[in-house]
Amino acid sequence: KKVFLIEGRQVSKITLERNLNGKLNKLTLVCLTLEEHLCQPGDNSKWQISEPGNFKADDSATNSLLSALTNWVSSDPIDLADEDAKKRLLILEEYHLDEKSRDASETHRVTVETDHGTQTAYFGAKHPIENNLFVGVSRNGFFSDQRIYLLPEFTLATLDQPLSYWRDKR
């Protein structure tokens with residue numbers, strides 16, 4: 001099951017919020033070729049950093065990120081649909097995906113804005129046995145407590161890059 005439903009959709013903005021060395025960093029990448037309809041995964045899109053400042057983005061790094069987001073797949077998602085609301089809440093707390101945890105500055109988040117709305121992935125606790133992280137998703141502002149994804153821990157390495165990685169080096 002794919003975490004982000006962005007294939008075939010125009011991606012206007014990607015926001016990475018991550019805790020790097022104990023400090024929350026926010027990076028927003030904006031697609032500059034939206035009017036040409038060249039902001040889909042697999043396109044050779046042009047990007048701009050709009051936060052933490054205005055910089056030309058490294059198009060190759062950003063397009064690679066977009067491709068990676070498209071391929072975030074959980075082979076074994078956890079279905080909570082049959083659990084009652086109280087048990088779901090307890091499970092979300094344990095996974096660090098309850099509302100309080102999602103709003104905490106320590107939480108890594110990735111938000112993708114498309115022509116079909118906004119999707120945010122929240123990274124929770126590490127799985128106690130496997131090298132996976134629990135991930136919850138909101139779509140258009142609605143957090144789904146029905147399904148939790150498991151993604152490899154190394155997925156965060158994609159996000160934990162300094163600003164210099166995302167800036168154009170030319």
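Residue numbers start at 1 and run along the sequence shown. FYI, side chains are in, hydrogens and waters are out, and symmetry mates aren't considered; it's all heavy atoms of this structure.
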Going by heavy atoms in the side chains, are [X] and [Y] under 4.5 Å from each other?
{"X": "E17", "Y": "N25", "answer": "no"}
{"X": "K126", "Y": "N132", "answer": "no"}
{"X": "Y122", "Y": "V135", "answer": "no"}
{"X": "T111", "Y": "I14", "answer": "no"}
{"X": "V73", "Y": "K1", "answer": "no"}
{"X": "L69", "Y": "I6", "answer": "yes"}
{"X": "H108", "Y": "L156", "answer": "yes"}
{"X": "F55", "Y": "D168", "answer": "no"}

**OP:** Let me see the working for L150 and L133 under side chain to side chain contact (heavy atoms under 4.5 Å, CB included), right down to the final yes or no.
**Re:** CA-CA 6 Å; L150 290 169; L133 297 168; over 6 Å; no

If only atom types and distance count, is the side chain of [X] paired as donor or acceptor with the main-chain N or O of [Y] below 3.5 Å?
{"X": "D79", "Y": "A81", "value": "yes"}
{"X": "S138", "Y": "G141", "value": "no"}
{"X": "R88", "Y": "E83", "value": "yes"}
{"X": "Q119", "Y": "L5", "value": "yes"}

Quick check: are there more than 12 heavy atoms from other residues, nucleotides or ligands sitting under 6.0 Å from [atom1] of [X]?
{"X": "E99", "atom1": "CD", "value": "no"}
{"X": "K13", "atom1": "NZ", "value": "no"}
{"X": "D84", "atom1": "CG", "value": "yes"}
{"X": "K169", "atom1": "NZ", "value": "yes"}
{"X": "K56", "atom1": "NZ", "value": "yes"}

**OP:** Please step through side chain to side chain contact (heavy atoms under 4.5 Å, CB included) for the pair L65 and L16, ending with a clear verdict.
**Re:** CA-CA 11 Å; L65 170 65; L16 308 177; 4.2 Å; yes

Would you say [X] and [Y] are hydrophobically clustered, going by side-chain heavy atoms of ILVMFWY under 4.5 Å?
{"X": "V3", "Y": "Y95", "result": "no"}
{"X": "I148", "Y": "I91", "result": "yes"}
{"X": "L159", "Y": "L151", "result": "yes"}
{"X": "L29", "Y": "L163", "result": "yes"}
{"X": "Y149", "Y": "L80", "result": "no"}

At what distance, to the nearest 0.5 angstrom, does [atom1] of [X] lie from [atom2] of [Y]?
{"X": "K46", "Y": "T62", "atom1": "NZ", "atom2": "OG1", "value": "11.0 Å"}
{"X": "D43", "Y": "C31", "atom1": "CG", "atom2": "SG", "value": "8.0 Å"}
{"X": "K26", "Y": "R18", "atom1": "NZ", "atom2": "CZ", "value": "12.0 Å"}
{"X": "S45", "Y": "E36", "atom1": "OG", "atom2": "CD", "value": "10.0 Å"}
{"X": "D82", "Y": "Q146", "atom1": "CG", "atom2": "CD", "value": "9.0 Å"}
{"X": "L32", "Y": "S50", "atom1": "CG", "atom2": "OG", "value": "10.0 Å"}

Subject >> Verdict with supporting geometry, W166 and I49, side chain to side chain contact (heavy atoms under 4.5 Å, CB included) >> reply: CA-CA 8 Å; W166 300 106; I49 297 171; 4.1 Å; yes

Original post:
What about the rings of F134 and H96, do their centers lie closer together than 6.0 Å?
Top reply: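 No.
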
Original post:
Just checking, R109 and F123: is the charged tip under 6.0 Å from the six-membered ring centre and within 45° of the axis?
Top reply: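 No; the conditions do not both hold, so R109 does not lie above the ring face of F123.
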
**OP:** Please step through salt bridge (Lys or Arg N to Asp or Glu O under 4.0 Å) for the pair K100 and E93, ending with a clear verdict.
**Re:** CA-CA 9 Å; K100 181 180 174 188; E93 286 175 358; over 6 Å; no

Original post:
Among L34, V30, D115, which one satisfies side chain to side chain contact (heavy atoms under 4.5 Å, CB included) with S12?
Top reply: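 Exactly one option meets the side chain to side chain contact (heavy atoms under 4.5 Å, CB included) with S12, and it is L34.
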
**OP:** Say whether W47 and N63, considering side chains only, have a donor N or O and an acceptor N or O under 3.5 Å apart.
**Re:**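 Yes, N63 and W47 have a side-chain donor paired with an acceptor closer than 3.5 Å.
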
Original post:
Are Y165 and D58 close enough, and set up right, to give a side chain to side chain contact (heavy atoms under 4.5 Å, CB included), and what steps lead you there?
Top reply: CA-CA 8 Å; Y165 176 84; D58 182 317; over 6 Å; no

